[in-house]
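A quick write-up on the structure given underneath.
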Amino acid sequence: MSTYRFLDDMADTAEQDFGQPKTFPLMPEGEAVDMGHADDGTPLFDPRILDSPEFFRNPYPYYKILRDHYPVYHDKLHNTYWVTRYDDITECYFDDEGFNTIPKGSSSGVLGNTQLELSGIEHRRRRNLYGQHLVGQSLNHRIPAIEHLADEMFDHWDTMAADGSDFVTDEDGKRLVELGMAFANEFPIRVVCEVLGFPKEAQSQFFYWYNSMMTGLGGSDTHKQGVEARQDLEDYVAGIVEQRRETPTYLYDSDGNPISKDVISKLCETKVDGDFLSTEEITSNIALVVGGGGETTRGAILNMWTLLLRHPEQFKAVVDDEENWDKAFHETLRIASPIGGQPRHNTFDVEMHGVKVPAGSLMQMVDFSANHDDRIFKDPETFDIFRDDLYSGKLLRSGYRKEGKCSHMAFGVGPHLCPGAWISHQEAVVGSKILQKRMKNPRIREDLMPKDIDGESAAPMGIVSVRALWLEYDLV
Ligand code: HEM
């Protein structure tokens, strides 16, 4: 008999009528609602909690119940198997034949036919085409350009303040800034445009397309707008591709010396099995890269600043030694990743932890839960950039697990490991170093931040990235 208990084994059928909506009380952060206990004391789990406001603001005690008692939880309400332990998730991610990627609903319409939904050889072929341009030497040469972009955006705050912006205001020698609207929403899109080699004038237009595409993922009303934005983006990129097939263009370092051809010019001359890439292949990859890198990196930047400023001794550590930004970035992604997990379908019948999962089932890999698995990370709910069990070196597709250190799961692992991991790391760290140098004595304006249930303390980060981050710093 399985050591895990499932609700359908329980005698009280009234308790199992999950068709009825249920309201759950809001609990102190870190404490779960009591959903009942089995005779042997095992806590029961009501899947309706997964749709509740309580879960969205306070998910981690519920993931702990799942990890400890139902590591593969068959949720009949959502017709899903939730996989919550680090080791199980890693194993599934590595096996992309047994646990294949699946179309992600409306994202397919908006983002197009992307590699996210491919597996095996066809996936590798697509991914290798441009993944190489987002890492290593070609990206290192672009770091001064990323710094320059951050400086430019910071300089623009003076104009925003003078023009009466709602997001940058000056008073009594202090500046109040909403870091999302003034920086983090747009910076990642500008960086990706820069690295891919699009003209500077096009950056704002890309930001508009990106916003419409992302809004389009949200529902049917905005879906049409998202699809149109993607089409416009692809039309624009297709024009550039045609030009660069004729006349390739180059990237230059800060002294004006050519570094190499830009990514689009390189893609134009890339051959696969003897054929040049089609324009469609290039444009849909570019749409995915633009779509994949915005909200995610925005969340990483805002969450990292929020966590650091709420732990002043750790903020001081990054100010005193810039090298600590890398640690801060990875610890932020471990404790508060902008992406919760990924869906997979099991290709064959499998049995995990005594649970039989029929072939073709929807299995949700909960990266959030893996990152808080206390089998891997000590005191997982504590933000500590100096924790000795988190690997914060170069990201590896194979993941890292040696000498007591493990990589976090925010970028996934295995064949689908995020190809934008390195560039988002550079964006967040390089951009933050500039912000930190230029803002004197930054602090969070907690009075403007969302409040928790007591109406006083700060709202927990929950499972969404910080929506807005109000900072104040001294101008003199
Ligand atoms: C903090 C920032 C980011 C996070 C947390 C993140 C997270 C992820 C995760 C978890 C996946 C794996 C999906 C899966 O297993 O099915 C992924 C895939 C992907 N990401 Fe990111 N990402 C980030 C930034 C970026 C950036 C900046 C780019 C582009 C420049 C990007 C482009 C992509 C693409 C193209 C894929 C699909 C890869 C594949 O299916 O082979 N991401 N990302």
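Counting starts at 1 for both ligands and their atoms, in listed order.
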### Message
Does Arg344 form a salt bridge (Lys or Arg N to Asp or Glu O under 4.0 Å) with Asp96? I'd like the steps, not just the answer.
### Response
CA-CA 9 Å; Arg344 294 291 191 261; Asp96 78 331; over 6 Å; no

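Residue-ligand proximity, Ala410 to ligand 1, at heavy-atom distances under 4.0 Å covers atoms 5 (C), 7 (C), 10 (C). For ligand 1, the atoms lying closer than 4.0 Å to a non-hydrogen atom of Gly412 are 10 (C). Using a 4.0 Å cut-off to heavy atoms of Leu288, the atoms of ligand 1 that qualify are 35 (C).
For Lys378 and Asp384, the salt-bridge test fails: no basic side-chain N is under 4.0 Å from an acidic carboxylate O.
Counting only non-hydrogen atoms, the option in Glu427, Gln342, Gln426 that gets closest to atom 13 (C) of ligand 1 is Gln342. Closest heavy-atom approach to atom 36 (C) of ligand 1 within the set Gly292, Cys418, Pro419: this belongs to Pro419. Residue nearest to atom 3 (C) of ligand 1, selected from Ile423, Thr296, Thr101: Thr296 (by heavy-atom distance).
Side-chain contact of Thr279 with Glu242: a donor-acceptor pair under 3.5 Å is present, judged by distance alone. In summary, the side chains of His416 and Gln342 do not present any donor paired with an acceptor at a separation below 3.5 Å, with no hydrogens or angles considered. Between the side chains of Glu152 and His148, at least one donor-acceptor pair of N or O atoms lies under 3.5 Å.
Ligand 1 has at least one atom lying under 4.0 Å from a heavy atom of Arg344. In this structure, Ser337 falls outside the shell of residues with a heavy atom less than 4.0 angstrom from ligand 1.
When each of Lys64, Arg85, Arg67 is checked for a salt bridge (Lys or Arg N to Asp or Glu O under 4.0 Å) with Asp374, only Lys64 meets the rule.
At a 4.0 Å heavy-atom cut-off, ligand 1 touches Ile339 through the side chain alone.
Every residue two or more places apart in sequence or in another chain that forms a ring-ring contact (aromatic ring centres under 6.0 Å, His included) with Phe206 is listed here: Phe198, Trp209, Tyr236.
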